[in-house]
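Just the heavy atoms: all of them, side chains too, but no hydrogens, waters or symmetry mates, feed the values below. Just so you know, these numbers come straight off a predicted model, no measurement behind them.
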Amino acid sequence: MEPNFFERVYLAVRQIPRGKVASYGQIAAILGHPQAARTVGWALNALSGAQAEEVPWQRVINSAGRISISRADLSADIQRARLEAEGVEFDARGYIDWKRYGWAGLEWAEVEALWGSGA
DNA sequence: GCCCTGACTGCTA
DNA sequence: TTAGCAGCCAGGG
């Protein structure tokens, strides 16, 4: 039984190492749908309480290297604060340096393997 | 099963 | 990099 799209998104996001960031499109690509970036954002948007604690959603930003959240409970401020706490720095304009903090990503097969191993 | 929405992306100017 | 525009995917009503 394969996990549904949302679960896959969470699994992939959970593989992002501390201090690194990935873009929505990158996550979507790992899942096999490079064009489903919006759906990835939608999946993270659907994160609730407990799951929000397990999934490092703050490490997912847009392709411009910037946070693009506009919600009250999970605000851009919170995301930025969490990332800075992990050592990720923002420039004066609020952008992240992809060269320094960009995540190389994984193959879905690898993520799937981790899922299978109970990770 | 159709229609709308959305934490996006790539292309063009 | 920024602004504007259209395309893509999956879930919810």
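- Rounded to whole angstrom, the span from the CH2 atom of A/Trp98 across to the P atom of C/dT1 amounts to 11 Å.
- The CG atom of A/Asp77 sits 8.0 Å away from atom CD1 of A/Ile67, with the distance rounded to the nearest 0.5 Å.
- Under the rule for a ring-ring contact (aromatic ring centres under 6.0 Å, His included), A/Tyr101 has no partner lying at least two apart in sequence or in another chain.
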Reading nucleotides 8-13 of chain C 5' to 3', which nucleotides get B (base under 4.0 Å from a protein heavy atom), which S (sugar-phosphate only), which -?
BBSSS-
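- In this structure, CG of A/Asn45 is placed 20 Å from P of B/dC4, rounded to the nearest angstrom.
- Phosphate proximity of B/dC8 to A/Ser63: absent, as no side-chain N or O sits under 4.0 Å from OP1 or OP2.
- If you look at A/Tyr10 and A/Trp57, their ring centroids are not closer than 6.0 Å.
- Whole-Å rounding puts the A/Tyr24 OH to B/dG6 P distance at 15 Å.
- Here C/dT1 is the nucleotide among B/dA7, C/dT1, B/dT9 with the atom lying nearest to any side-chain atom of A/Tyr95.
- Using a 4.0 Å heavy-atom distance criterion, A/Ala43 is classed as making no nucleic acid contact.
- Here the P atom of nucleotide B/dA7 and the CD atom of A/Gln58 are 18 Å apart, to the nearest Å.
- As rounded to whole Å, 17 Å separates atom C1' of B/dG6 from atom CD1 of A/Ile27.
- Summarising the geometry, the separation between CD1 on A/Ile67 and C1' on B/dC8 is reported as 15 Å, rounded to the nearest angstrom.
- Partners of A/Glu86 according to the side-chain contact (heavy atoms from CB on, under 4.5 Å) rule, which considers only residues two or more places apart in sequence or in another chain, are A/Arg18, A/Gln58, A/Arg59, A/Leu83.
- Nucleotide C/dT1 holds its C1' atom 14 Å from the CG atom of A/Asp97, rounded to whole Å.
- Between A/Ile61 and A/Trp98, some side-chain heavy-atom pair lies under the 4.5 Å cut-off.
- Summarising the geometry, atom CD belonging to A/Gln79 is positioned 4.0 Å from atom CD1 belonging to A/Ile69; distances are rounded to the nearest 0.5 Å.
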